[in-house]
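Heads up, the thing below is written out as structure tokens.
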Number of protein chains: 2
Amino acid sequence: MKNKSATPATITIKHVAQHAGVSLGTVSRVLNRAGNVDAALRRRVEEAILDLGYEPNPVAQSLRSRQSRVIGVLMPDIQNPLTAAAVTGLEPVLARAGYTLFLANSHSDRERESDVLEQFKRRRVDGVIVMVANDNDEATRAQLRDFSVPLVMMERVIDLDVDCVLTNQYDGTYRATRYLLGLGHRRISLITVPAITHSGRERLRGFEAAFGDLGVEVPRDLIHSEGRQHPYGRDAAYSSLIGREPATAIVASGGHLAGVIEAVRLLNLSVPQHLSLVTLGDTELAALIEPPITAIRYDWPATGRCAAELLLDQLSGGHGATRQRIIVTHEFIIRGSCAPPKASAPRTV
Amino acid sequence: MKNKSATPATITIKHVAQHAGVSLGTVSRVLNRAGNVDAALRRRVEEAILDLGYEPNPVAQSLRSRQSRVIGVLMPDIQNPLTAAAVTGLEPVLARAGYTLFLANSHSDRERESDVLEQFKRRRVDGVIVMVANDNDEATRAQLRDFSVPLVMMERVIDLDVDCVLTNQYDGTYRATRYLLGLGHRRISLITVPAITHSGRERLRGFEAAFGDLGVEVPRDLIHSEGRQHPYGRDAAYSSLIGREPATAIVASGGHLAGVIEAVRLLNLSVPQHLSLVTLGDTELAALIEPPITAIRYDWPATGRCAAELLLDQLSGGHGATRQRIIVTHEFIIRGSCAPPKASAPRTV
DNA sequence: CTGAAAGCGCTAACAG
DNA sequence: CTGTTAGCGCTTTCAG
């Protein structure tokens, strides 16, 4: 009896029960802090757990309880620093509440996204935080409608009763555009992501509203929103800059900035002398390049934090079924990349 | 019999068996393509599956089979573009092989890391790809030694019989340093991550070797490797640059580059006139800033791909227990940030 | 408050 | 080749 021959490969709740001289159920109750357990028994069980180095098997727990203490996070692009920042924001909140996070990357591919979501559900995640590739897509809507797992959307909206946390791309773009218009620019180019996400659509709206408020016609030929990648930014900027009525200013999303700068170099233009530039979403590149680029800075960590809290609310069965739509604020950071059109002064403010 | 009253909430393998008029076991066999099943029966089962819209419950599968078709990926920092690129490299390889990827972020925190690894194991992931926070740590080594889940390390080595995929930080740093020495620099500063990872140690070795080969003494006072964050890079560069024998060149890791540039601006120095700069790890910032920074470019996607393939090998029970250590190559990209010390010529090469 | 018993949904061993 | 039978390790009734 002294040396227990061959410790079982995996030690289970059963061994703990034996060791503590109680029943299975009691051990389970201790584990789940459910139903009052007599202090003495509880001690015995806790000791047995320590003695044996017992660790519950979450797979078995999930099978039985249909829960998992896991939150699934679906992102379109892990390489995008902005979405990475959002994830960093939501991690501590959820971790503190005892949830493990599993991230998955869809590469903005609807099929992968659908698979991942399915996987999450089947694996009984307790909740999901999603940035879908296309929030305007009927298949996506259908999948999410019937999803029946607590869900929060980040930076996307969809015509469903779900919590959404959004940055104010409308206002950001509006302010950037107004600023440029105020400087005297009229030929302003907008280079952004496709209108299949909230961000894409809101930027477009903000851009148009800024022109509308001044009664100036929107330069539709300078709007580019067909691609997400770096090369698209370059090509879009290039084409805005070479027409016979070229753009004198560009409003570009953070992901496109590098491409825009490439085009500017290619054409040997100076910023802000020949061209003014504002970026939607602040990045290291924008802050450090010369001249530093005036930017709208969105608070992605806050967005993540907020999404996490909304999910936690749902998980704790909080305030009924009142789904929310939260808009996170931003700042306008004026740096040195804007001047009146054709100005020779090196900078403005 | 026509209208089955109230479809059960979750439909199980049992329902499929009933519907197809076969036994549980047969359905399972069809699902797992195991043991030959008569073509006719197989058809019936497949039809039933489609009819009922049946989807296997992976939690139950895992509980029974002790597998999961899931690979866990542990990263130290999701916000680091380099590691994000590595993940992007390994995703398609593993996805093609039918595995789902769950990523987790340790924030370089040993405790989180340990938890995540434990979670992965308990949830019966089939394999893990890890970048541990400190590959020199005894607790880490102990955990990994007894881990008993197929494992591949990325950009870390440890005194254990495991597969490792590494970039050649030794050679990269050696070449960068040699290049600077060849230009005539002697006061070269190395700003890099702590020596608690392969990268940190190998960079240091490469740096020292370059000096050693020329019989020049290593400027130890200019070596900074205590922090990972952006501000650390700035402070380290600053202190290298203000002494009475300031550095005339800096070799900085990619993550520190932004900080270094800040310090350079603060001190109003020109690159490469006053200071030469090489970065270890190419980034968008390095390529686009003026002057563009000479860089060692590591192939992170290839590193990820390679790690994925090694893991797949293990999973398919491939070539016995021969663990490998693979070194991925890199390029030296000469741009405009280096010149002989105190040179007035704008650039070199 | 505690023990016994019944599964969660599936795979795998065993007969047939 | 197929059906039956045990469980995987746990939670959750249900009695007591």
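Note on naming: letters A, B, ... go to the chains in the order of the sequence lines (proteins, then strands), and numbering restarts at 1 for each one. These numbers were taken from a predicted model, which means no experiment stands behind them.
Candidate nucleotides C/dT2, D/dG9, D/dC1 were compared by shortest atom distance to the side chain of A/L63, and D/dG9 ranks first. Taking the side chain of B/R66 as heavy atoms from C-beta on, and the options C/dG9, D/dC8, C/dT11, the nearest nucleotide is D/dC8. Comparing C/dT2, D/dT12, D/dC1 by their nearest atom to the side chain of B/D38 picks out D/dC1. For B/T26, counting side-chain heavy atoms from C-beta on, the closest listed nucleotide (D/dT2, C/dG3, C/dG9) is D/dT2. Nearest to the side chain of B/V37, among D/dT2, D/dG9, C/dT11, sits D/dT2.
Summarising the geometry, the separation between CG on B/N32 and P on D/dT2 is reported as 15 Å, rounded to the nearest angstrom. Atom CD of B/Q67 and atom P of C/dA12 are 8 Å apart (whole Å). For A/L24 and C/dG3, the CG to P distance is 10 Å, given to the nearest whole Å. Between B/I13 atom CD1 and D/dA6 atom P there is a gap of 18 Å when expressed in whole angstrom units. The distance from atom CZ of B/R44 to atom C1' of D/dT2 is 12 Å, rounded to the nearest whole Å. Rounded to an integer number of Å, the gap from A/I11 CD1 to D/dG9 C1' is 12 Å. Here the P atom of nucleotide D/dG9 and the NE2 atom of A/H15 are 8 Å apart, to the nearest Å. Protein atom CD of B/E55 is 14 Å distant from nucleotide atom C1' of C/dG9, rounded to whole Å.
Around atom CZ of A/R145, more than 12 heavy atoms belonging to other residues, nucleotides or ligands sit under 6.0 Å away. Residue B/E111 qualifies as open at atom CD: its count of foreign heavy atoms under 6.0 Å is 12 or below.
Salt-bridge formation is detected for the pair B/R141/B/E138: a Lys NZ or Arg NE/NH1/NH2 atom is positioned less than 4.0 Å from an Asp or Glu carboxylate oxygen. One finds no salt bridge joining B/E47 and B/R44 here, because no Lys/Arg side-chain nitrogen approaches an Asp/Glu carboxylate oxygen to under 4.0 Å. Salt bridge A/E113/A/R110: present, at least one basic N to carboxylate O contact under 4.0 Å.
Proximity of A/S23 to the phosphate of C/dG3: a side-chain N or O atom is located under 4.0 Å from OP1 or OP2. One finds a side-chain N or O of A/S28 lying less than 4.0 angstrom from the OP1 or OP2 phosphate oxygen of D/dT11. Using a 4.0 Å cut-off, some side-chain N or O of A/Q61 falls inside it from OP1 or OP2 of D/dT11. For A/S65, no side-chain nitrogen or oxygen approaches OP1 or OP2 of D/dT11 to under 4.0 Å. Considering only side-chain N and O atoms, A/S62 lies nowhere under 4.0 angstrom from the phosphate OP1 or OP2 of D/dC10.
No hydrogens or angles were tested; on distance alone, a donor-acceptor pair under 3.5 Å links the side chain of A/R64 to the base of C/dG7.
In terms of modelled atom types and a separation under 3.5 Å, the side chain of B/R156 and the main chain of B/V132 share a donor-acceptor contact. In this structure, B/D135 contributes its side chain and B/I158 its backbone to no donor-acceptor pair below 3.5 Å.
B/T197 and B/E155 are not linked by any side-chain donor-acceptor pair at a separation below 3.5 angstrom, with hydrogens and angles left out of the test.
Contact annotation for B/V22: backbone-only contact, meaning every heavy-atom pair under 4.0 Å involves sugar-phosphate atoms and none involves a base.
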Under 3.5 Å, N/O pairs linking protein and nucleotides 13-15 of chain C:
residue: C/dA13; atom: N6; partner: B/R29; partner atom: NH2; Å: 3.2

